[in-house]
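One structure is given here, and the rest of the page talks about it.
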Amino acid sequence: MLSVLRKWWKADPEIASLDAFGEFLSVQAVFASQKSVMSYCEVKAGTNRDKLFAEAEFRRALDVCRWESFAAVLADVLVLAFRLLRDHTDGRDGELAAALARLYPVLLRSHPAPAHRGDGWDDLVGPFAARLEQLRLDGVVAPAEVARTGARRILQVLPIHENHRRTDREAIEGAVRFHLVAVWEAMTRRVDAPAVASALLREG
């Protein structure tokens, strides 16, 4: 998953094709989710970091957390994409929402399936499509608010005992919010919104 970051951190090209757009979304979601999870775990572990990270059980739980967090934050990043692109659809925002909902599992499956996801990611696809449709009807929220959904999922899967994370919701939300605002800024700066919106609608 993290290997895809190396290519994109070397340059800052304009994004106008669907392939480049999909890769951009994945890279942003990987970075935002992994930084949020790893920074939190390292802070919670404190001086016991090396000991905790050496435990096989913790590493297995952390692997599950990292993948589930990636999936959750990727959904948030796609919500940001909908916010950016919907003004370039000539009123076809319903088709845009459907196209982004179809893109979500494609991006998830572009990575090797993790061991704990033997049945794939299909259980996430329907709820995400419903989320986009609801946002289309109700109006999209600010980038900082989008983070609440991904942060809630991260909090559920963190490899830290519930007794030690029950008061950390605001910390997790703050971390994800910080990264998603940065994603939004990168998206507005680099994505050729009319070109990508048109390409997504043609795919439909």
Backbone N/O of S69 and side chain of R153: donor-acceptor pair under 3.5 Å: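 Here the side-chain-to-backbone pair does not exist.
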Counterpart residues, side-chain hydrogen bond (donor to acceptor under 3.5 Å, both in side chains), relative to S198 (two or more places apart):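 So S198 forms a side-chain hydrogen bond (donor to acceptor under 3.5 Å, both in side chains) with R202.
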Parallel, tilted or perpendicular, as decided by the 30° and 60° cut-offs, for the rings of W67 and W121: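 Tilted, since the angle between the ring planes falls between 30° and 60°.
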Give a yes or no on whether a salt bridge exists between [X] and [Y], defined as a side-chain N under 4.0 angstrom from a carboxylate O.
{"X": "D76", "Y": "R177", "result": "no"}
{"X": "E185", "Y": "R189", "result": "no"}
{"X": "R60", "Y": "E57", "result": "no"}

CD-CG distance between E203 and L100, expressed to the nearest 0.5 angstrom: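 Nearest 0.5 Å value for the CD-CG distance: 11.5 Å.
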Results of salt bridge (Lys or Arg N to Asp or Glu O under 4.0 Å) for R49 - residues two or more places apart only: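 Counting only residues at least two positions away or on another chain, R49 forms a salt bridge (Lys or Arg N to Asp or Glu O under 4.0 Å) with E42.
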Heavy atoms of other groups near [X] [atom1], more than 12 under 6.0 Å:
{"X": "D119", "atom1": "CG", "value": "no"}
{"X": "D138", "atom1": "CG", "value": "yes"}
{"X": "F58", "atom1": "CZ", "value": "yes"}

Shortest non-hydrogen separation from R86 to G139 and the atoms involved: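 For R86 versus G139, the nearest heavy atoms are NH1-CA, 4.3 Å.
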